[in-house]
Amino acid sequence: MINSGDTVAVGLSGGADSMALFHLLYANKENLGISLVALHVNHGLRTESTDEEVFITDYCRRLGVECVVYAADMSSREKPQGLSTEMWARQLRYDFFDIESKKRSAKIATAHSLSDKCETVIFNLCRGTSLKGVCGIPAVRGNIIRPLINCTREDIEKYCMQNSIPYVTDKTNFSEEYSRNKIRLKVVPVLKQINEKSENLIGEFTAEMQQIYTFLTQLSDTLYKNSVSLNGFHLETIKKQDDVVIKFFLRNILDRYGCLSKENINDILQGIKNESFTKQLSKDIICQTKNGYLTFYRPKAAATEKKEEKISIAAGQTVSFCGDEYVLREISLQELEKNKKIDKNYLNNCIDCDTINSKLFLRNRKTGDSFTFSHRNVTKSLKKLFTEDKIPLKLRDKLAILSDGENVIWLENYGTNKFFRVKADTKKVLIIENK
């Protein structure tokens with residue numbers, strides 16, 4: 001989780017869990033070779049919030065540790081539609097953590113415990129969940145680490161007592177208004193009466209489920225690589241796999257498209273066994289099996305005229321083109337190495353930033369456009385390429401092209417032109433994504 005030289009930003013709420021984590025890292029920061037900073041969110045939902053902020057900032061000041069406070073002021077803001085107060089607060093916290101971690105190139109340490117993991121698994125089972133849901137809270141997710149994930153709440157409170165660590169108690173933790181509190185206050189005590197080590201045993205169960213999840217992810221990724229093509233996914237390759245692997249493969253694809261449901265998975269699984277199958281998975285995603293391929297697509301708007309939209313490298317800028325949305329963003333070399341091992345198509349959408357200028361456009365094809373394949377070193381006009389690949393005429397003007405005004409840098413469904421692809425000495429990488 002932690003390497004010498006890391007900056008670790010601790011999410012500090014003032015409760016026993018976060019104070020124990022903060023104390024543990026502070027007491028060992030020299031041995032670990034880390035720099036420490038505290039992050040606190042004042043949600044502004046309770047009368048005690050201000051007192052808790054003062055408690056935390058004073059504690060950090062006495063230890064000489066920087067404390068950054070975010071005043072979320074949720075009580076005077078309109079709650080986003082479809083979010084519970086609990087989920088909204090979580091979203092605000094992690095958005096704040098993400099901003100601060102990027103400023104400092106820091107890892108975020110949260111105080112989730114084994115007890116939290118068990119409660120999450122029970123909660124997910126009650127709501128209905130997949131294999132991923134019974135894996136519980138991961139010890140590491142991106143730059144977020146959870147050093148106390150194998151410690152029970154009882155262990156943590158004992159540590160606080162032995163080390164005279166002060167902490168505050170959130171009264172809402174005892175309110176049965178929240179489902180998680182009901183599990184903590186009502187369900188877990190009963191489980192401990194049945195077996196006092198129930199939390200530890202559930203923890204062992206989640207570890208096994210994580211191993212199975214990882215194994216199925218590897219099989220799913222392999223199936224993706226072996227079946228994917230420009231025309232979709234080869235049905236014969238998919239059919240050779242066991243249903244559980246196919247379901248996992250479909251789950252990952254549907255999750256990317258934002259239309260994941262058990263009904264969609266089961267319907268597509270049945271459709272794979274048919275020669276022809278079509279289903280509207282959501283308002284803008286259609287699945288189809290036809291001519292030996294499984295495809296997922298968004299119906300594109302009719303291209304009645306030539307279009308050209310300026311696109312910026314600025315983070316978060318989204319450009320609409322022919323009914324789809326595209327974004328061009330910079331990624332780290334580490335992200336590139338990690339993701340290209342998982343998805344072989346990832347590299348096809350990456351661009352060497354040093355080979356392009358600042359003026360970029362998304363447009364449809366123009367007379368004279370050509371594309372050079374990276375591995376075959378073959379250059380073809382788009383007209384010839386589309387004819388050979390039997391791209392329907394009505395779709396040819398709807399395929400997005402990233403251009404610098406003259407050259408085709410990237411072509412939708414084909415990837416990046418050879419001359420603009422990432423090389424061994426590339427310093428800055430861009431990726432274009434269809435949202």
Side-chain angles (χ1 to χ4, degrees), residues 79-84 87-88 90-91 124 127-133 213 216-217 220-221 223-225 227-235 237-239 241 243-304 307 309 316-329 339 342-343 345-346 348-349 362 391-392 394-395 397-400 412-413 431-435:
K79 185 175 68 172
Q81 189 174 2
L83 279 183
S84 66
M87 287 304 297
W88 182 29
R90 182 185 185 278
Q91 185 181 83
N124 288 344
R127 292 192 308 169
T129 187
S130 64
L131 181 59
K132 186 177 182 180
Y213 180 81
L216 286 174
T217 298
S220 172
D221 290 342
L223 176 56
Y224 185 98
K225 292 174 184 177
S227 63
V228 71
S229 74
L230 287 174
N231 297 317
F233 299 95
H234 291 282
L235 284 172
T237 303
I238 297 173
K239 289 177 181 179
Q241 297 295 321
D243 280 2
V244 68
V245 178
I246 299 174
K247 281 187 174 183
F248 213 80
F249 162 78
L250 294 174
R251 178 176 295 278
N252 291 338
I253 293 175
L254 297 188
D255 193 30
R256 295 177 195 173
Y257 281 114
C259 54
L260 175 59
S261 72
K262 289 183 178 179
E263 179 186 352
N264 281 342
I265 289 175
N266 291 331
D267 286 349
I268 298 172
L269 182 64
Q270 184 61 42
I272 285 172
K273 300 171 184 178
N274 301 329
E275 291 185 6
S276 182
F277 163 81
T278 301
K279 182 179 179 182
Q280 186 99 24
L281 303 178
S282 65
K283 66 177 182 179
D284 59 352
I285 299 295
I286 294 175
C287 171
Q288 186 177 57
T289 60
K290 189 177 180 182
N291 299 328
Y293 291 96
L294 169 68
T295 58
F296 300 86
Y297 62 93
R298 293 180 175 90
K300 285 181 173 285
T304 56
K307 292 191 64 177
E309 302 286 347
Q317 192 223 9
T318 300
V319 173
S320 296
F321 182 84
C322 287
D324 274 352
E325 293 184 334
Y326 301 83
V327 64
L328 185 67
R329 64 182 179 90
N339 288 316
I342 299 174
D343 182 356
N345 282 327
Y346 192 84
N348 292 337
N349 297 316
L362 271 182
I391 305 296
K394 64 181 180 179
L395 293 180
D397 281 334
K398 298 175 187 176
L399 292 178
E412 186 175 14
N413 293 344
I431 184 168
I432 185 166
E433 297 173 306
N434 184 328
K435 298 181 71 177

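Only a predicted model underlies this, so the values are computations on that prediction, with no experimental measurement involved.
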Legend entry - Gap separating the CD1 atom of I268 from the SG atom of C259, nearest 0.5 angstrom: 7.0 Å
Inset, instruction - Describe, in one word, how the ring planes of Y293 and H234 are oriented to each other, choosing from parallel (under 30°), tilted (30 to 60°) and perpendicular (over 60°). - result: tilted
Inset, instruction - Taking all heavy atoms of G133 and all of N124, pick out the closest pair and write down the distance. - result: O-ND2, 2.9 Å
Legend entry - Heavy-atom neighbours of K262 NZ exceed 12 at 6.0 Å: no
Legend entry - Any I286 side-chain heavy atom under 4.5 Å of T278 side chain: yes
Inset, instruction - Decide if atom NZ of K132 counts as having more than 12 heavy atoms of other residues, nucleotides or ligands within a radius under 6.0 Å. - result: no
Legend entry - Inter-residue atom distance L235.CG - T289.OG1, 0.5 Å rounding: 6.0 Å
Inset, instruction - Measure the CG-CG distance between N252 and L216 for me, rounded to the nearest 0.5 Å. - result: 9.5 Å
Legend entry - Under 3.5 Å: donor-acceptor pair, side chain of Q280, backbone of K283: yes
Legend entry - Pairwise side-chain contact, I246 with I265, heavy-atom cut-off 4.5 Å (strictly under): no
Inset, instruction - Might you point out which heavy atoms bring S220 and V245 nearest each other, and give the distance in Å? - result: N-CG1, 4.5 Å
Legend entry - Heavy-atom side-chain proximity of N264 to Y257 below 4.5 angstrom: no
